[in-house]
Amino acid sequence: MLNGKKIVLGVSGGIAAYKMPMLVRLLKKSGAEVKVIMTVNAAQFVAPLALAVTSGSEVLTEIFPAASIHNAELNWTQHISLGEWADAFVVAPATCNTLARLATGHCDDMLTAIYLSLRHGKPKLVFPSMDEEMFLAPAVQRNIGQLSGDGCTVFAPEHGELASGLVGMGRLPEPETIVEKIRAALELHGAPQAARKIYTGKKVLITAGATREKIDDVRFISNYASGKMGFALASEAALQGAEVVLVTGKTFLPTPAAVTRIDVESADDMLRAVESHFDTCDVFIAAAAVADYRPAAAAAGKIKKSEAVFDLHLVRTPDILMQCGRRKSPSQLVIGFALEVQNAEDNARGKLAAKNLDLIVLNSADVAGAGFEVDTNIITLIARGGAIEKFPLMTKREAAGKILNRISRFFDED
Ligand code: CTP
């Protein structure tokens, strides 16, 4: 599936580097050619020889190998020729230090040099892996934002057990997952220009993640939505040429490249942000899991506990999707999601009609691999007029592609 693709893998010095010989093996088995670049610190975690043997190629670290300093016949311009050679540049694991060096354009070893000499437009995939607190540190998030803005696709680390013994966000995805992300990136890159740029000139407004409804200054009501589906849609829409505004509840996901992101907290905040962009958008996709209720009044400070039963009075939040469906002009498209357990299709059709939608994306809550927090989804698309399309389990990124593709078919009808 990666037949003949040339991949430069940059390995930096995190514990997850020990998984890289396995990644190289999988890439080779998929038909790719792989050249491995290591930072000096990476060799603390994985033997260079293991990477040389699995890749079948010399592993490079310094820009100028010691021997080449005295011998001009040796290849001392590999930092450029490899940038020309590569179809994709992958950094896994990417440590804080490597993220910082890439974000600031340093060029002090082979990994950073190839990043800079990579030919324009080639996919750059970055997989940070570190302790959760380090990942969330403002400086690291700032560097990730910079890299996204520079056209890198930065993948959020996974949640789970970390080398420190702590549990949190920071794990490098398994090699199989990384191979799949590389494959998807190269497939998109290789797609015909016309197919990729179908959203040029369109403004797409997307909601993502969970809202938080305050109980008091330290507590809130929310849900498990991670924002992954909405972020995948935003990333794909931007790649397909759209101007994208992403209104998101609290999430640790990095901002996709070329996407304008607005962070909000509550359903009311989300509605306000959506209203300020809705009239100028061509497509509105409500992927957020908006809380249906909020406390009638948020208490100031912190509510003290007592032995008495505590009643929390809840009121409905605004239905953002419903309001947009009612307000839309004939040229606008409004797309909603439905998470259903029983009578899934009937309920989804009911929502499509009640909210005046053009398309509804049905997720089944009770199927393994679909729903909140995971990277995969099982979707069914029901269009206005009733046409239905069912898809098997796929990554949220692939699902985003299917959804955007289906929406784009309305462009010809309108
Ligand atoms: N939605 C919204 N504003 C709300 C609630 C939901 O924009 N206050 C949007 C969601 O983003 C999603 C769709 O509406 O696109 C979900 O519809 P909803 O009626 O909330 O259905 P579910 O939550 O799926 O299910 P239920 O009807 O059982 O609550």
Side-chain angles (χ1 to χ4, degrees), residues 204-214 220-234 237 244-251 253 262-279 281 283-296 314-328 332-367 370-373 377-384 396 399-400 402-404 406-407:
V204 179
L205 175 63
I206 300 171
T207 63
T211 62
R212 290 180 171 186
E213 311 299 332
K214 275 177 86 167
F220 55 81
I221 297 173
S222 192
N223 58 67
Y224 286 110
S226 62
K228 285 180 176 173
M229 193 63 237
F231 274 60
L233 281 161
V244 182
V245 177
L246 176 63
V247 179
T248 177
K250 180 84 179 160
T251 168
L253 299 174
I262 303 175
D263 286 279
V264 296
E265 189 167 301
S266 66
D268 282 325
D269 299 338
M270 187 171 270
L271 176 63
R272 263 193 301 279
V274 165
E275 278 177 334
S276 67
H277 285 277
F278 182 72
D279 288 342
C281 83
V283 178
F284 171 60
I285 309 176
V290 185
D292 290 320
Y293 297 91
R294 66 170 171 80
L314 299 177
V315 294
R316 284 293 304 269
T317 55
D319 190 323
I320 302 166
L321 179 61
M322 173 95 82
Q323 292 196 18
C324 291
R326 289 193 177 148
R327 176 168 160 178
K328 73 175 171 138
Q332 287 180 303
L333 296 166
V334 173
I335 290 85
F337 275 72
L339 183 68
E340 304 291 347
V341 183
Q342 285 132 6
N343 302 328
E345 281 178 34
D346 285 348
N347 287 341
R349 283 181 204 280
K351 275 177 200 166
L352 182 82
K355 300 194 187 190
N356 192 27
L357 308 180
D358 297 283
L359 184 74
I360 193 152
V361 182
L362 166 62
N363 293 307
S364 296
D366 52 351
V367 184
F372 290 161
E373 289 187 310
N377 211 349
I378 301 170
I379 56 165
T380 298
L381 303 182
I382 308 178
R384 65 181 187 218
K396 286 188 172 165
K402 302 284 182 209
I403 294 165
L404 288 167
R406 179 64 193 86
I407 296 170

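In listed order, ligands and their atoms are each counted from 1. The figures here come from the full heavy-atom set of this structure, side chains too, leaving out hydrogens, waters and symmetry mates.
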- Item | Any residue meeting salt bridge (Lys or Arg N to Asp or Glu O under 4.0 Å) with E345, in chain and number order, not counting sequence neighbours | K390
- Looking only at atom types and distance, does a side-chain atom of N377 sit under 3.5 Å from a main-chain N or O of N363, one as donor and one as acceptor? no
- With sequence neighbours left out, write down each residue that passes side-chain contact (heavy atoms from CB on, under 4.5 Å) with D358, or none if nothing qualifies. K328, L333, V334, R384, F410
- Query: Can we say E340 and K351 salt-bridge, meaning some charged N sits less than 4.0 Å from an Asp/Glu carboxylate O?
  - Reply: yes
- Message: Looking at Y293, I'd like to know if the NZ or CZ of R316 sits under 6.0 Å from its six-membered ring centre while staying within 45 degrees of the ring's axis.
- Response: yes
- Name all residues meeting the salt bridge (Lys or Arg N to Asp or Glu O under 4.0 Å) criterion together with R326; count only those two or more places apart in sequence or in a different chain, and write none if there are none. none
- Note on the structure: Per the under 4.0 Å non-hydrogen criterion, ligand 1 touches A286, A288, V290, D292, T317, P318, D319, I320, L321, G336, F337, A338, L339, K351, K355
